Structure formats: structure tokens, C-alpha cells
Amino acid sequence: MMLYPPMAELIEKVGSSYALINLVAKRAREISAEAEEQGIPLTKKAVSAAIDEVYTGKLTVHPDSAVPAEEQRDRQLEQDLEEYVATLDREPEGDETLAGTVPEIVLTDEDLQA
């Protein structure tokens, strides 16, 4: 059985199978919600409509959203650390303490195992 549109072409358009799955799932949920909200029956499945939008180029991945959540978290931690280090280079003014400028960093069990 041949799939149309070919998966390889869809993956090529968004960059990875992970991004494709997330993009199509998110858009399919939006299509379903819009149809239900407006009381319009869908003539084809929401997933099929979302795949067609990817294939025709109507639906694309924003560059930042293609980055895995883990990498986005790492980038944010690096940025927070840089901001914190910058605060260490200056002298506190008056009653100000540097403790108020420390970014909140939450570590999960997964982070501690790495």
C-alpha cells in the first residue's frame, strides 16, 4: 500500500518525523475544535486535513518550535546563567542584595539523573 502524500516528502518539509507528528497533531486538534465550535461537520478527518496543509505548504514549522523542548530548556538555562553572572560583576546599590536577582531554576528528577 502506497501512502499519499509520501512520508519522506512530509518529513523533508518540516525537518523531522518528531516535528511532523507534533505539527499535524496540534493542527488536527485545532481543526476539530474549530469545526465543533462552529457546528460544521468535517468532510474528512482532521488529521488528513492537517497533513494536506503540510504537503501544500500552508502549514509550516516555526524555526524555534522545531527545536526539541530539551534543547530549548538548555538554551534558557544558559541564558539565565549568563544574566546571573552579569549581576555578579556589579556592586549592589544601597539595600539591594544579589539574592533578589538569582533566576529561579527548577531541577527535575530527570535532570538529577543525567
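Note that this is a predicted model, so its numbers are computed, not measured.
In the hydrophobic clustering, where aliphatic and aromatic side chains (Ile, Leu, Val, Met, Phe, Trp, Tyr) are joined below 4.5 Å either directly or transitively, Ile21 stands alone. Hydrophobic cluster membership of Leu42, counting Ile, Leu, Val, Met, Phe, Trp and Tyr whose side-chain heavy atoms lie under 4.5 Å apart directly or via other members: Ile31.
The salt bridge (Lys or Arg N to Asp or Glu O under 4.0 Å) test applied to Lys44 returns Asp52, not counting sequence neighbours. Partners of Gln79 according to the side-chain contact (heavy atoms from CB on, under 4.5 Å) rule, which considers only residues two or more places apart in sequence or in another chain, are Gln76, Glu83.
Within the structure, the ring-ring contact (aromatic ring centres under 6.0 Å, His included) test picks out the following pairs touching residues 23-61 (sequence neighbours left out): Tyr4-Tyr55. Listed by first and then second residue, the side-chain hydrogen bond (donor to acceptor under 3.5 Å, both in side chains) pairs involving residues 28-41 are Arg27-Glu30 (not counting sequence neighbours).
Residues Leu10 and Ile51 meet the side-chain proximity criterion, which asks for heavy atoms closer than 4.5 Å. Side-chain contact between Met7 and Leu20: present, with at least one pair of heavy atoms (C-beta onward) separated by less than 4.5 Å.
Heavy-atom minimum distance, Gly39 versus Pro41: O-CD, 3.7 Å.
The structure places NZ of Lys26 at 10.0 Å from CG of Leu59, a figure rounded to the nearest 0.5 Å.
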